[in-house]
Protein chains: 2
Amino acid sequence: MGTRWGINRTVAQIHALLFIFPRPLNAEEIAETLSIARSNVSNSLRELQGWHIVKLVHVMGDKRDHFESLKDVWEMFRIVLDERKQREIDPTVAMLEECIREAAAGKGTDNYTEERLRELHSFFDKTTTWYAQVAKLPASALMKLMNLGDKMLKLLGAGG
Amino acid sequence: MGTRWGINRTVAQIHALLFIFPRPLNAEEIAETLSIARSNVSNSLRELQGWHIVKLVHVMGDKRDHFESLKDVWEMFRIVLDERKQREIDPTVAMLEECIREAAAGKGTDNYTEERLRELHSFFDKTTTWYAQVAKLPASALMKLMNLGDKMLKLLGAGG
DNA sequence: CTATCTATTCAGTATAGACAGAAATGGATG
DNA sequence: CATCCATTTCTGTCTATACTGAATAGATAG
């Protein structure tokens, strides 16, 4: 699945290994377990740390670096969404706004195209704003939201 | 942005072109506008049709095939999510269930690992179930949900 | 039936990115 | 200050896949 979402195989493998493993592992152990080059492990670990879902930890009496994955799936999901929003959505929205500005200035763009751009922008805007609201809900509220099920329609029809 | 989400450049370009263009285009026009090979257009169009976000239409007095994009951004988003769920999430969940079964049968997997797998599975399960509920909401209800904002917390605290 | 126009398939090429192994760096310890 | 070990950086190779251009298939009109 990872590959289809722009995550390379090695990175995904290492993360999976750290996620399911009960204790932190050092680079050597990872390389050996997955049969991949030491340097590859090093780079992949840096990437995972860049995503803030793997952390470096020290094990007493061992000077080598050890690594462990975040274990809370929900938290991990939230962190990755935040990160991707920042890296991918935000620049996209900025570019959309630039396009719309240019289009509005009338540089050969017809109204139809401009309208499409506005709708796209509005979609991103609404979605990210909503997400920002949800992301700051406490875990308990999030669980309630997830468990609403059919009650959702009633609730939205009445109160919202 | 497309590239980072596992969509290749040409496919994304063609879809963008069809999305912003006021009328259906034929393959020739697309190839020329984007300076890509005719065959590449043909394959990319097939892929886009596979995602159900681009449709073949006929233009009177012209025997060539013309193509147009779905224009409703929300609807497109929903369709793509559905499709990706089916292609990527569902098989992943099936594999997770298989792993859990094997782990439970005690094939050398420790309890810790099994517990991680269960949590991961539960996450997918909750998320997809919730999504299925939301996806069938009428557009108006969806908009209400998106516009809840700070009211969300109150609503969940009380009614949920 | 043949000519012409469109769309698809196929086979080879090009390219981007993953990966390995060697070299270099860093930093601790005696 | 030299040595040793862990880690990172660098460079070349390999692989997967995007892409092209030519060949093929299919349809329609004359």
Side-chain angles (χ1 to χ4, degrees), chain A residues 1-18 21 23-69 83-84 87-88, chain B residues 1-18 21 23-69 84 87-88 91:
Chain A
M1 175 172 169
T3 315
R4 297 281 84 202
W5 291 79
I7 298 150
N8 90 44
R9 212 183 87 244
T10 310
V11 172
Q13 276 182 296
I14 293 179
H15 179 232
L17 176 62
L18 293 176
F21 216 77
R23 64 168 176 84
L25 293 170
N26 63 52
E28 194 65 37
E29 291 170 319
I30 297 171
E32 200 160 323
T33 308
L34 301 175
S35 311
I36 53 186
R38 188 64 189 67
S39 57
N40 198 2
V41 173
S42 177
N43 290 325
S44 301
L45 282 172
R46 161 129 33 78
E47 172 143 10
L48 285 167
Q49 287 174 280
W51 285 100
H52 305 112
I53 54 176
V54 161
K55 287 197 171 47
L56 187 151
V57 294
H58 289 289
V59 170
M60 281 218 326
D62 191 336
K63 72 175 188 173
R64 288 171 300 181
D65 293 351
H66 287 64
F67 299 88
E68 70 180 359
S69 166
E83 200 71 30
R84 292 197 86 140
R87 296 184 192 190
E88 295 153 14
Chain B
M1 175 171 168
T3 316
R4 299 280 84 203
W5 291 78
I7 298 150
N8 89 43
R9 212 184 87 242
T10 309
V11 172
Q13 276 182 296
I14 294 179
H15 178 233
L17 176 62
L18 293 175
F21 217 78
R23 64 169 176 82
L25 292 169
N26 64 51
E28 192 67 41
E29 291 169 319
I30 296 172
E32 198 161 325
T33 307
L34 302 176
S35 311
I36 53 184
R38 186 66 189 67
S39 57
N40 197 5
V41 173
S42 180
N43 290 325
S44 300
L45 282 171
R46 161 130 29 78
E47 171 141 12
L48 285 167
Q49 286 173 280
W51 285 99
H52 305 112
I53 54 176
V54 161
K55 287 197 172 49
L56 187 151
V57 295
H58 289 290
V59 169
M60 279 215 328
D62 191 337
K63 72 175 187 175
R64 288 171 299 182
D65 293 350
H66 287 64
F67 299 88
E68 69 181 359
S69 166
R84 291 198 87 139
R87 297 184 191 190
E88 295 153 15

Salt bridge (Lys or Arg N to Asp or Glu O under 4.0 Å) filter on R64(B), not counting sequence neighbours, yields D62(B)

I need the residues from residues 46-54 of chain A with at least one non-hydrogen atom less than 4.0 Å from DNA chain D; give them sorted by number, or say none. R46(A)

Taking DNA chain C as the partner, which of residues 3-16 of chain A come within under 4.0 angstrom of it by heavy atom? N8(A), R9(A), T10(A)

DNA chain D-proximal residues of residues 28-40 of chain A, any heavy atom under 4.0 Å: R38(A), S39(A)

Is the shortest heavy-atom distance from the side chain of I14(B) to the side chain of I36(B) under 4.5 Å? yes

Residues which pass side chain to side chain contact (heavy atoms under 4.5 Å, CB included) with D65(A), listed by chain and number, not counting sequence neighbours: L56(A), H58(A), F67(A)

Which nucleotide span of DNA chain C, 5' end to 3' end, has atoms closer than 4.0 Å to non-hydrogen atoms of chain A? dA18(C) to dG21(C)

E88(A): what forms a side chain to side chain donor-acceptor pair (under 3.5 Å) with it, not counting sequence neighbours? R84(A), W5(B)

The salt bridge (Lys or Arg N to Asp or Glu O under 4.0 Å) partners of E28(A) (sequence neighbours excluded) come to R38(A)

Go through DNA chain D in 5' to 3' direction and return only the first and the last nucleotide with some atom under 4.0 Å of chain B's heavy atoms. dA18(D) to dG21(D)

Closest heavy-atom pair and its distance - Q49(B), V54(B): CG-O, 3.4 Å

Got a sec, which residues hit side chain to side chain contact (heavy atoms under 4.5 Å, CB included) with S39(A), two or more places apart in sequence or on another chain? A37(A)

Go through the structure and list residues passing salt bridge (Lys or Arg N to Asp or Glu O under 4.0 Å) with R87(A), not counting sequence neighbours. E83(A)

Any residue meeting salt bridge (Lys or Arg N to Asp or Glu O under 4.0 Å) with E47(B), in chain and number order, not counting sequence neighbours: none

I'd like to know if the side chain of E32(B) and the backbone of E29(B) have a donor-acceptor N/O pair within less than 3.5 Å. no

